[in-house]
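When reading the values below, keep in mind they use all heavy atoms of this one structure, side chains included, and skip hydrogens, waters and symmetry mates. For this chain, numbers begin at 1 and follow the sequence in order.
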Amino acid sequence: VQLQASGGGLVQAGGSLRLSCAASGRTFTNFHMGWFRQAPGKEREFVAAISRRAYGESTRYADSVKGRFTISRDITKNTVYLQMNSLKPEDTAVYYCAVTQILWAYVDNSRNFAYWGQGTQVTVSS
């Protein structure tokens, strides 16, 4: 099982980026998929998650990104996306994608995710 994250980069405050996470090795239709981020000197924090299809592809967001970030998934490509708009300097971090089969209520906890991508750096300049 592999998760390959991409799409990070350097952007000015107010700009946009779209992260992608392509999964391989198995089909993740029955998995919830999520994005987390970790800034230097800080703990890894939840960003967004999208539920498996059986749950209607519900979404959940951290309060800090609500209204600015959108998570989506393409089942045919086994890929999850994170569209990030109105970026702020405090969004600067390494962003990780991950998958889990934990109950949907617990998807905001990184400890519940079994498979992780390698991370992609997002830097927002002021």
Residue pair Val11, Thr123: steps toward the side-chain contact (heavy atoms from CB on, under 4.5 Å) verdict: CA-CA 6 Å; Val11 64; Thr123 303; over 6 Å; no

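- Side-chain contact between Val80 and Ile71 is present, with at least one heavy-atom pair separated by less than 4.5 Å.
- By the 4.0 Å N-to-carboxylate-O rule, Asp91 lies too far from Lys88 to be salt-bridged with it.
- You'll find the side chain of Gln101 stays beyond 4.5 Å of the side chain of His32, heavy atoms only.
- Cluster membership for Val47 and Met84, using ILVMFWY side-chain heavy atoms within less than 4.5 angstrom, is shared.
- Arg111 contributes atom CZ, which lies 14.0 Å from atom OG1 of Thr100 (distance to the nearest 0.5 angstrom).
- Put simply, Leu17 and Ile50 are part of the same group of oily side chains (I, L, V, M, F, W, Y) that touch within less than 4.5 Å, one to the next.
- Side-chain contact check for Ser16 and Asn85: at least one donor-acceptor pair (N or O, by modelled atom type) lies under 3.5 Å.
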From CA spacing to verdict: side-chain contact (heavy atoms from CB on, under 4.5 Å), Phe69, Gln83: CA-CA 5 Å; Phe69 291 11; Gln83 178 67 43; over 6 Å; no

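- Residues Phe113 and Phe36 bring their aromatic ring centres within 6.0 Å.
- Ser58 has its side chain within reach of Trp104: a pair of non-hydrogen atoms, C-beta onward, lies under 4.5 Å apart.
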Trace of the side-chain contact (heavy atoms from CB on, under 4.5 Å) decision for Arg60 with Phe46: CA-CA 10 Å; Arg60 181 180 296 176; Phe46 171 75; 4.1 Å; yes

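- Hydrophobic cluster membership differs between Trp116 and Phe31, with clusters built from Ile, Leu, Val, Met, Phe, Trp and Tyr side chains linked at under 4.5 angstrom.
- Put simply, the residue from Val94, Val122, Val65 that forms a side chain to side chain contact (heavy atoms under 4.5 Å, CB included) with Arg37 is Val65.
- Taking OG of Ser110 as the reference point, atom CZ of Arg44 lies at 6.5 Å (rounded to 0.5 Å).
- Hydrophobic clustering, with ILVMFWY side chains joined whenever heavy atoms are under 4.5 angstrom apart, keeps Ile75 apart from Val99.
- Contact detail for Asn30 and Arg52: the closest heavy-atom pair is O-CD, 3.0 Å.
- A pairwise comparison of heavy atoms in Gly7 and Thr120 identifies N-OG1, 4.1 Å as the closest pair.
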Residue pair Ser6, Gln4: steps toward the side chain to side chain donor-acceptor pair (under 3.5 Å) verdict: CA-CA 7 Å; Ser6 61; Gln4 182 70 40; over 6 Å; no

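- Side chain of Arg68 to main chain of Ser86: a donor-acceptor pair is present (N/O by atom type, distance under 3.5 Å, no hydrogens or angles).
- In this structure, OH on Tyr61 lies 14.5 Å from CG on Asp108, to the nearest 0.5 angstrom.
- Atoms CG and OG, on Leu87 and Ser125 in that order, are 10.0 Å from each other to the nearest 0.5 Å.
- Between the side chains of Thr92 and Glu90, no donor N or O sits under 3.5 Å from an acceptor N or O.
- Between Ala48 and Leu82, the shortest heavy-atom contact is CB-CD1, 4.1 Å.
- Evaluated for a side chain to side chain contact (heavy atoms under 4.5 Å, CB included) with Cys21, the options Tyr81, Tyr95, Trp35 yield exactly one hit, Trp35.
- For Asn112 (side chain) and Tyr106 (main-chain N/O), a donor-acceptor pair under 3.5 Å exists by modelled atom type.
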